[in-house]
Amino acid sequence: MKYENVIPAKFISRPNRFVAQVEIDGRIETVHVKNTGRCRELLLPGSDAILAGSDNPGRKTPYDLIAVYKSGLGWVNIDSQAPNQAVREWLDGKPIPFQDAVRIKPEYNHGKSRVDFYLECPDRKILLEVKGCTLEIDGIGYFPDAPTERGVKHLRELAAAAKNGYECYIAFVIAMPGVQEVLPNVTAQPEFGTALAEARAAGVKVLYLICDVGRDSLFIIDCIEAKALGGRSGL
């Protein structure tokens with residue numbers, strides 16, 4: 001996916017989880033933060049940032065904060081809507097292991113929840129849940145960066161669906177360069193780690209989606225399937 005109408009800025013502060021103060025050409029501007037996570041290791045005063053202009057003239061904030069430059073790593077996309085858009089483009093290219101999909105339906109209602117994607121193949125029915133990863137520590141990605149009851153709920157529902165015959169996946173879109181693995185951030189939320197282990201034991205597969213991250217773009221370029229906690233194999 002590629003953004004239109006992007007401009008550079010300097011991050012100043014984040015008064016609350018929805019807005020940030022940035023500097024654009026010497027003036028201070030309030031912008032919308034498209035990520036409700038903490039992003040504490042990314043949103044540092046003075047950090048280079050990228051803004052995307054909004055096409056909604058009625059908005060109070062004319063720009064969205066979509067990416068931040070992390071020293072020693074590169075550009076990190078923090079737009080929480082970007083992972084699903086990037087996955088949709090990737091799925092349209094018929095990647096392994098979904099090359100035989102004949103139907104792709106986003107925002108699929110399943111039970112009491114909504115799954116990011118439902119894929120129908122000649123002999124498989126697939127549920128795919130997408131999570132964006134922006135937290136990096138020593139070259140490893142971690143999710144979540146803040147407690148997410150919704151994320152735990154999704155894992156439990158995928159586990160139940162897997163037991164009922166669905167082929168289920170949780171895909172971590174790694175929205176930063178140089179990272180090829182995502183582990184549960186049990187420091188932030190032990191429950192997520194437990195739910196992930198239980199989901200995998202029930203047959204839910206874990207995918208790491210490697211991305212090419214630019215100032216104004218996010219594209220999935222590789223898919224790695226985790227074979228064991230901390231292990232992986234190429235697809």
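The CG atom of N185 sits 13.0 Å away from the CD1 atom of I140 when rounded to the nearest 0.5 Å. For the atom pair CZ of R88 and CD1 of I104, the computed distance is 5.0 Å after rounding to the nearest 0.5 Å. In this structure, T148 OG1 and Q189 CD are separated by 6.0 Å, a value rounded to the nearest 0.5 Å. Rounded to the nearest 0.5 angstrom, I7 CD1 and D216 CG are separated by 13.0 Å. Atoms CD and NZ, on E191 and K153 in that order, are 13.0 Å from each other to the nearest 0.5 Å. Separation of atoms CZ (R38) and CG (D145) is listed at 7.0 Å; rounding is to 0.5 Å.
By the 4.5 Å heavy-atom criterion applied to side chains, I96 and C223 are not counted as neighbours. The side-chain heavy atoms of E41 and K70, taken from C-beta on, include a pair separated by under 4.5 Å. Side-chain contact between V213 and V76 is absent, with no heavy-atom pair separated by less than 4.5 Å. Side chains of L135 and F143 form no contact here, defined as non-hydrogen atoms less than 4.5 Å apart. Between L43 and L65, the closest side-chain pair of non-hydrogen atoms falls below 4.5 Å. The closest side-chain heavy-atom distance from P83 to K131 is not below 4.5 Å. Using a 4.5 Å heavy-atom cutoff, the side chains of Y118 and R103 are in contact.
In R27, the CZ atom is crowded: over 12 heavy atoms of neighbouring residues, nucleotides or ligands sit closer than 6.0 Å. Counting non-hydrogen atoms of neighbouring residues, nucleotides and ligands closer than 6.0 angstrom, the CG atom of D25 reaches no more than 12 such neighbours. Environment of CD in E4: sparse, with no more than 12 heavy atoms of neighbouring residues, nucleotides or ligands closer than 6.0 Å. A 6.0 Å sphere centred on CG of D138 holds no more than 12 heavy atoms belonging to other residues, nucleotides or ligands.
A donor-acceptor pair under 3.5 Å links the side-chain atoms of H32 to the main chain of F18, judged by distance alone. At least one donor-acceptor pair under 3.5 Å links the side chain of K94 to the backbone N or O of A101. Not a single donor-acceptor pair under 3.5 Å links the side chain of D116 to the backbone N or O of L128. Under the 3.5 Å distance criterion, the side-chain polar atoms of R14 are matched with a main-chain donor or acceptor of R17. Under a 3.5 Å cut-off, the side chain of D212 and the backbone N or O of F219 do not form any donor-acceptor pair. One N or O on the side chain of E89 and one on the backbone of M1 form a donor-acceptor pair closer than 3.5 Å. A donor-acceptor pair under 3.5 Å links the side-chain atoms of N35 to the main chain of I78, judged by distance alone. In this structure a side-chain-to-backbone donor-acceptor pair under 3.5 Å is present from S80 to K34. The backbone N or O of I170 sits nowhere less than 3.5 Å from a side-chain atom of E129 that would complete a donor-acceptor pair. Under the 3.5 Å distance criterion, the side-chain polar atoms of E225 are left unmatched by any main-chain donor or acceptor of K205.
Using modelled atom types and a 3.5 Å distance limit, the side chains of T61 and R59 yield a donor-acceptor pair. No hydrogens or angles considered: nothing links the side chains of D64 and Y3 as a donor-acceptor pair under 3.5 Å.
L158 is connected to Y108 through a chain of hydrophobic side-chain contacts under 4.5 Å among Ile, Leu, Val, Met, Phe, Trp and Tyr, so both are in one cluster. Side-chain heavy atoms closer than 4.5 Å link hydrophobic residues (I, L, V, M, F, W, Y) into clusters, and following such links, possibly through other members, connects Y69 to L218. Put simply, V19 and V22 are part of two different groups of oily side chains (I, L, V, M, F, W, Y) that touch within less than 4.5 Å, one to the next. In this structure, I50 is not a member of the same hydrophobic cluster as I12, with clusters built from ILVMFWY side-chain heavy atoms closer than 4.5 Å.
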Stepwise side chain to side chain contact (heavy atoms under 4.5 Å, CB included) check, E157 with H154: CA-CA 5 Å; E157 290 177 342; H154 285 156; 4.3 Å; yes
Check against side chain to side chain contact (heavy atoms under 4.5 Å, CB included), E167 and L127: CA-CA 6 Å; E167 188 172 323; L127 298 177; over 6 Å; no
Pair D48-K10, side chain to side chain contact (heavy atoms under 4.5 Å, CB included): steps then yes or no: CA-CA 5 Å; D48 290 324; K10 289 284 186 181; 2.6 Å; yes
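The aromatic rings of Y208 and F172 lie tilted to each other, with the angle between the two planes from 30° to 60°.
Heavy-atom minimum distance, A188 versus P147: O-CG, 3.5 Å. When all heavy atoms are compared, the tightest approach of L183 to E181 is CD2-OE2, 3.9 Å. Of all the heavy atoms in A199 and L155, the pair that sits closest is CB-O, 3.8 Å. Taking every heavy atom of both residues into account, A226 and R200 meet most closely at O-NH2, 3.5 Å. Summarising the geometry of V152 relative to A195, their closest heavy-atom pair is CG1-CB, 4.0 Å, with the distance given to 0.1 Å. Contact between S47 and V68 at its shortest, heavy atoms only, is CB-CG1, 4.0 Å.
Under 4.0 Å is where a charged nitrogen must lie from a carboxylate oxygen, and between D100 and R124 at least one such pair does.
Residue L209 is tested with V130, I224, V173, I174 for a side-chain contact (heavy atoms from CB on, under 4.5 Å); the sole match is V173.
If you look at F117 and Y169, their ring centroids are not closer than 6.0 Å.
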